[in-house]
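Before any comments, here is the structure.
The structure presented is a predicted model; accordingly, all values stated were derived computationally and were not measured.
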Amino acid sequence: MPILDPAAPVRHVSVTEAHKLGIAGLVHDAETGGDVVVTRHGRPVAALVSTQHLDALRTLTDDLRDAALVVIRAATDTGLRGLLDDTITAFGFDRAELEAELDADLAAGRE
């Protein structure tokens, strides 16, 4: 079963049922691939998922963020490019000062 299979079983339990099952029972369900959604008064309030599923969700989040940046860049890119020194100056910095600061950080063991 794929990690993010929309047809994967999702078990809904009330807070009371979750208490009766205990953490071991809920963890077992998550470890075996089933998501557990805990409800209070019929509303979902928490979910227990396997670490494999959580890692997949985090990877998807990162991928979606990257894709959004690519789309935004493609939509707004005018093709106009500038020089690095002009950009440094526009932000109120001086290249020599930045290089000295970097050298000092490296000498102090900060990266």
Side-chain angles (χ1 to χ4, degrees):
M1 165 174 48
I3 294 173
L4 297 178
D5 180 2
V10 176
R11 182 175 180 192
H12 291 264
V13 297
S14 69
V15 172
T16 303
E17 290 173 290
H19 179 72
K20 288 178 186 175
L21 286 170
I23 193 69
L26 295 171
V27 168
H28 178 268
D29 285 351
E31 283 178 326
T32 57
D35 295 341
V36 180
V37 175
V38 180
T39 62
R40 179 178 283 131
H41 306 296
R43 286 185 340 211
V45 293
L48 187 68
V49 299
S50 69
T51 54
Q52 185 179 15
H53 189 157
L54 180 61
D55 290 343
L57 289 170
R58 287 180 172 157
T59 298
L60 281 174
T61 299
D62 291 343
D63 290 348
L64 286 171
R65 186 178 299 112
D66 291 345
L69 290 172
V70 168
V71 169
I72 290 168
R73 175 70 185 263
T76 60
D77 187 4
T78 63
L80 180 64
R81 302 292 184 264
L83 299 174
L84 178 58
D85 286 326
D86 292 343
T87 304
I88 291 171
T89 301
F91 281 102
F93 294 103
D94 175 83
R95 179 186 278 271
E97 290 174 22
L98 292 175
E99 288 175 351
E101 185 177 325
L102 176 59
D103 290 341
D105 284 346
L106 292 174
R110 297 184 297 262
E111 293 184 27

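- Nearest approach of I72 to T76, heavy atoms of both residues: O-OG1, 2.8 Å.
- In this structure, L26 CG and E31 CD are separated by 11.5 Å, a value rounded to the nearest 0.5 Å.
- Taken to the nearest 0.5 Å, the CG atom of L64 stands 11.0 Å off from the CG atom of L69.
- Distance CG/L60 to CG/D55: 11.0 Å, rounded to 0.5 Å.
- V36 is listed as a side-chain neighbour of V13, based on a closest heavy-atom distance under 4.5 Å.
- Scored by the salt bridge (Lys or Arg N to Asp or Glu O under 4.0 Å) test, R43 finds no partners at all (sequence neighbours excluded).
- Among all heavy-atom pairs drawn from H12 and E17, the shortest one is O-OE1, 4.4 Å.
- Distance check: I88 CD1 to E97 CD gives 10.5 Å after rounding to the nearest 0.5 Å.
- Side-chain contact between L57 and H53 is present, with at least one heavy-atom pair separated by less than 4.5 Å.
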_Intermediate values then yes/no, side-chain contact (heavy atoms from CB on, under 4.5 Å), L106 and L102_ = CA-CA 6 Å; L106 292 174; L102 176 59; 4.1 Å; yes
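- Looking at every heavy atom in both residues, L48 comes nearest to V27 through CD2-N, 3.7 Å.
- For V37 against P44, the heavy-atom pair with the smallest separation is CG1-CB, 3.7 Å.
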*Begin with the C-alpha distance, continue with both residues' side-chain angles, and end with the deciding distance and a verdict on side-chain contact (heavy atoms from CB on, under 4.5 Å) for V15 and H19.*
CA-CA 6 Å; V15 172; H19 179 72; 5.6 Å; no
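- For the atom pair OG1 of T89 and CG of D94, the computed distance is 7.0 Å after rounding to the nearest 0.5 Å.
- In terms of heavy atoms, S50 sits closest to A30 at CB-O, 3.2 Å.
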